[in-house]
Amino acid sequence: MTKPIIVKNLSIGDGQPKICVPLTGGTCEELYQEAKRAKEARADLIEWRADCFDGLPDKEKVTGTLKEIVGILSDTPLLFTIRTEAEGGKAKLDQEKYAALNLEAAKSGSADLIDVEVFSQENSAKLIEDLQTAGARVIASSHDFQKTDNRETLLKRFQEMDKSGADILKMAVMPEEFDDVAAIMQVTSEMVHKYTDKPVISMAMGGLGSISRIAGENFGSAVTFAAVGAASAPGQFPIQELRAMMEALHKKNKAE
């Protein structure tokens, strides 16, 4: 059974999946406007995709901007993410700089959660431990924008992520056929019910995988991602559309 992770007033891992909205602006002003819109849209969690920020990799600009965003969000938790080119993002950073920037975000006290690309970083377990020591919760993530591995490989990757020591496990894949969508959903359910008590997040990207963004409550995914403005990954719904579909499914589940 999943043990929820409590971040500020948000419980991740129980009830309906929480809706996270990414901020993808390149400038401070764009980010602040996006943060205000996401707050007004009642997102449960906000993700700052810092790899989209023009000020990266300047530590002072990053931590200063983090502080301003938190001031706008108030009690809404913030997830700090630097997505590298290797996993579909925009950041061109060596591993030392990647680790240093994430650690600065954790030490600032502004980032409640930090995303770590666990398979793209050498010694990711040490980085995760350092981030947790600095006071942040960590999401171990894996993104494949090219394909979906078979069920056995997906499960093995989830289990390896679990060993990293992270608080939450996240996997996103690109399906080529619907069987791929079914595979990631089935593996997520298996992981949640048999292999870990940590919250698990998963999704199949693109239009083919859209059902995985809606039906997380049915297969065990704890968080789903929606857009208020530009999407950060293929297949994201606008937040109001996603919330309406999730609510309808939730009511159907309760009625049965």
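Considering Phe158, Phe219, Tyr195 as possible partners of Val200, the one that fulfils the side chain to side chain contact (heavy atoms under 4.5 Å, CB included) test is Phe158. Only one option out of Val21, Asp112, Ile19, Leu113 pairs with Leu45 in a side chain to side chain contact (heavy atoms under 4.5 Å, CB included); it is Leu113.
Here the OG1-CD distance, from Thr188 to Glu190, works out to 10.0 Å after rounding to the nearest 0.5 Å. For the atom pair CZ of Arg151 and CE of Met185, the computed distance is 12.5 Å after rounding to the nearest 0.5 Å. Distance check, rounded to the nearest 0.5 Å: CD of Glu30 to CG of Leu23 gives 11.5 Å. Atom CD1 of Ile139 is separated from atom CD of Glu117 by 12.5 Å, given to the nearest 0.5 angstrom. Rounding to the nearest 0.5 angstrom, the gap separating the CE atom in Met1 from the CG atom in Asp197 is 11.0 Å. Between Thr224 atom OG1 and Leu242 atom CG the span is 5.0 Å, to the nearest 0.5 Å.
Under the 4.5 Å side-chain criterion, counting only non-hydrogen atoms from C-beta, Thr148 is not in contact with Asp144. At a threshold of 4.5 Å between non-hydrogen side-chain atoms, the residues Gln159 and Met191 count as touching. When side chains are defined from C-beta on, Gln16 counts as touching Glu247, because their heavy atoms get closer than 4.5 Å. Asp180 is not listed as a side-chain neighbour of Leu208, based on a closest heavy-atom distance of 4.5 Å or more. Inter-residue side-chain proximity for Lys170 and Phe225 is flagged as met; some heavy-atom pair is nearer than 4.5 Å. Between Leu131 and Val116 there is a side-chain heavy-atom pair separated by less than 4.5 Å. Side-chain atoms of Glu217 and Met246, non-hydrogen and from C-beta on, never get closer than 4.5 Å to each other. Two residues are said to be in side-chain contact when any heavy atoms from C-beta on lie closer than 4.5 Å; Lys90 and Leu56 fail this criterion.
Counting heavy-atom neighbours within 6.0 Å of Lys3 NZ, excluding the residue itself, gives a total of 12 or less. Annotation for Glu177: atom CD counts as buried by contact number, over 12 foreign heavy atoms lying within 6.0 Å.
The two atoms that bring Glu87 and Ser120 nearest to each other are OE2-OG, 2.5 Å, heavy atoms only. Considering all non-hydrogen atoms of both residues, Ile69 and Ala35 come closest at CG2-CB, 4.5 Å. Across all non-hydrogen atoms, the minimal contact from Trp48 to Leu78 is N-CD1, 4.0 Å. Residues Pro199 and Ala222 share a closest heavy-atom pair of CB-CB, 4.1 Å. When every heavy atom of Pro77 is checked against every heavy atom of Leu10, the shortest pair comes out as CG-CB, 3.8 Å. The minimum heavy-atom distance linking Ile184 with Met171 is given by the pair CD1-SD, 3.8 Å.
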Could you walk me through whether Glu68 and Cys28 pass side-chain contact (heavy atoms from CB on, under 4.5 Å), step by step? CA-CA 9 Å; Glu68 292 295 327; Cys28 291; over 6 Å; no
Starting from the C-alpha separation in whole Å, work towards a yes-or-no answer on side-chain contact (heavy atoms from CB on, under 4.5 Å) for Leu66 and Phe80. CA-CA 9 Å; Leu66 259 175; Phe80 180 80; 4.0 Å; yes
When you look at Asp75 and Lys39, which way does the side-chain contact (heavy atoms from CB on, under 4.5 Å) test go after all the steps? CA-CA 10 Å; Asp75 57 348; Lys39 178 74 174 176; 2.9 Å; yes
Checking side-chain contact (heavy atoms from CB on, under 4.5 Å) for the pair Ile12/Arg137: CA distance, chi angles, key distance, verdict? CA-CA 12 Å; Ile12 301 173; Arg137 299 294 184 92; over 6 Å; no
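A side-chain donor from one of Gln33 and Glu29 sits under 3.5 Å from a side-chain acceptor of the other. For the residue pair Ser108 / Lys67, no side-chain donor-acceptor distance below 3.5 Å is found, with atom types taken as modelled. Side-chain contact, Thr81 with Glu47: a donor N or O sits under 3.5 Å from an acceptor N or O.
Formation of a donor-acceptor pair under 3.5 Å by the Lys8 side chain with backbone atoms of Ser74 is found in this model. Judged purely by atom type and a 3.5 angstrom limit, Gln236 has no side-chain atom pairing as donor or acceptor with the backbone of Pro22. Remark: side-chain polar atoms of Ser164 are paired, donor with acceptor, to backbone N or O of Met161 under 3.5 angstrom. In terms of modelled atom types and a separation under 3.5 Å, the side chain of Arg157 and the main chain of Asp149 share no donor-acceptor contact. Between the side chain of Ser124 and the backbone N or O of Val118 there is at least one donor-acceptor pair closer than 3.5 Å. Checked by atom type and distance alone, the side chain of Lys18 pairs as donor or acceptor with a backbone atom of Ser11 at under 3.5 Å. Side-chain atoms of Lys198 come within 3.5 Å of backbone atoms of Asp162 as a donor-acceptor pair (strictly under, hydrogens ignored). Of the possible donor and acceptor atoms, one in the side chain of Glu34 sits under 3.5 Å from a partner among the backbone N and O of Thr24.
Salt-bridge formation is not detected for the pair Asp94/Lys97: no Lys NZ or Arg NE/NH1/NH2 atom is positioned less than 4.0 Å from an Asp or Glu carboxylate oxygen. Between Asp51 and Arg83 there is no salt bridge, since no side-chain N of the basic residue sits under 4.0 Å from a carboxylate O of the acidic one.
The side-chain tip of Arg213 does not point at the ring of Phe237 from less than 6.0 angstrom away and within 45° of straight on.
Two different hydrophobic clusters hold Ile46 and Ile6 under the rule that ILVMFWY side chains link at heavy-atom gaps under 4.5 Å.
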